[in-house]
Amino acid sequence: MEIKRIATDTRRSRAVVYNNMVFVGGQTADDRSQDIRGQTAQTLAKIEKFLAEAGTDKSRLLTAQIWIKDLARDFAGMNEVWDAWTAPNAAPTRATAQCDLAAKDILVEIIVTAAVGQD
């Protein structure tokens with residue numbers, strides 16, 4: 001089976017398609033001056049772009065991992081954006097955890113896996 005790598009550099013691929021699945025690596029916001037709602041929205045927009053490049057969309061999400069810098073402060077705001085973004089009746093499995101992220105101004109990082117192709 002073919003492996004398709006999307007936005008690859010020497011360290012990582014942003015997404016990898018294999019066996020009718022796309023694995024989107026951890027995505028973060030480009031404008032880190034935004035609050036949790038802004039960063040979450042930007043992150044989800046990046047994920048949508050990679051899903052489209054892989055030939056799928058958010059209605060085919062299988063699972064998500066969400067890493068938040070300050071769960072007590074930002075969980076509700078992130079969920080507000082997440083809930084508005086997910087496709088109706090197509091929410092993936094999900095895990096959310098608090099984590100020290102790679103840079104101090106990153107508030108959220110999201111990883112997803114989705115189905116590609118026909119069922």
Side-chain angles (χ1 to χ4, degrees):
M1 291 188 166
E2 179 186 349
I3 298 172
K4 177 182 176 183
R5 298 178 195 283
I6 299 171
T8 299
D9 62 25
T10 57
R11 181 169 293 155
R12 65 176 173 231
S13 295
R14 296 297 184 165
V16 175
V17 181
Y18 178 73
N19 198 22
N20 295 322
M21 293 175 58
V22 58
F23 305 87
V24 180
Q27 300 300 309
T28 62
D30 291 327
D31 180 1
R32 296 178 186 164
S33 68
Q34 298 290 307
D35 67 2
I36 190 65
R37 288 170 181 81
Q39 286 197 28
T40 302
Q42 286 181 33
T43 301
L44 293 173
K46 287 171 77 173
I47 288 170
E48 273 196 86
K49 176 184 164 282
F50 289 121
L51 292 173
E53 280 190 59
T56 193
D57 61 50
K58 64 186 178 182
S59 73
R60 299 186 50 83
L61 287 176
L62 301 172
T63 191
Q65 296 175 39
I66 302 173
W67 304 95
I68 296 178
K69 181 176 185 159
D70 187 332
L71 205 54
R73 180 187 70 202
D74 290 334
F75 188 62
M78 182 280 302
N79 272 329
E80 180 182 312
V81 177
W82 174 267
D83 292 345
W85 178 79
T86 54
N89 302 311
T93 65
R94 189 182 106 172
T96 306
Q98 183 166 303
C99 179
D100 284 332
L101 297 166
K104 291 183 181 205
D105 54 355
I106 297 173
L107 302 179
V108 63
E109 183 170 351
I110 302 174
I111 303 163
V112 300
T113 302
V116 177
Q118 303 297 336
D119 288 331

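Keep in mind that this is a model prediction, so the values were computed, not measured.
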* To do: Taking atom types as modelled, find out whether Thr113 and Thr63 have a side-chain donor-acceptor pair closer than 3.5 angstrom.
  => no

Search all heavy atoms of [X] against all heavy atoms of [Y] and return the closest pair with its distance.
{"X": "Glu109", "Y": "Gly26", "answer": "OE2-CA, 3.3 Å"}
{"X": "Ile111", "Y": "Gly25", "answer": "CG1-C, 4.2 Å"}
{"X": "Ala15", "Y": "Val22", "answer": "CB-CG2, 4.0 Å"}

Would you kindly confirm whether [X] and [Y] end up in one hydrophobic cluster when ILVMFWY residues are joined by side chain heavy atoms under 4.5 Å apart?
{"X": "Ile6", "Y": "Val24", "value": "yes"}
{"X": "Ile106", "Y": "Phe50", "value": "no"}
{"X": "Ile110", "Y": "Phe75", "value": "yes"}
{"X": "Ile47", "Y": "Phe23", "value": "no"}
{"X": "Leu101", "Y": "Val81", "value": "no"}

* side-chain contact (heavy atoms from CB on, under 4.5 Å) between Leu107 and Asp70, intermediate numbers included -> CA-CA 7 Å; Leu107 302 179; Asp70 187 332; over 6 Å; no

Inter-residue atom distance [X].[atom1] - [Y].[atom2], 0.5 Å rounding:
{"X": "Leu51", "Y": "Glu48", "atom1": "CG", "atom2": "CD", "value": "7.5 Å"}
{"X": "Thr43", "Y": "Ile66", "atom1": "OG1", "atom2": "CD1", "value": "10.0 Å"}
{"X": "Asp31", "Y": "Gln42", "atom1": "CG", "atom2": "CD", "value": "5.0 Å"}
{"X": "Thr28", "Y": "Trp67", "atom1": "OG1", "atom2": "CH2", "value": "14.5 Å"}
{"X": "Leu71", "Y": "Met78", "atom1": "CG", "atom2": "CE", "value": "7.5 Å"}
{"X": "Gln65", "Y": "Arg94", "atom1": "CD", "atom2": "CZ", "value": "12.0 Å"}

Mark yes or no for whether [X], through its side chain, and [Y], through its backbone, hold a donor-acceptor pair below 3.5 Å.
{"X": "Gln27", "Y": "Val112", "answer": "no"}
{"X": "Gln39", "Y": "Ala29", "answer": "no"}
{"X": "Thr56", "Y": "Ala115", "answer": "yes"}
{"X": "Thr86", "Y": "Lys58", "answer": "no"}

* Audit row: Thr40, Glu80, side-chain contact (heavy atoms from CB on, under 4.5 Å) steps and yes/no -> CA-CA 9 Å; Thr40 302; Glu80 180 182 312; over 6 Å; no

* Do other residues, nucleotides or ligands put more than 12 heavy atoms under 6.0 Å from the CG atom of Asn19? -> yes

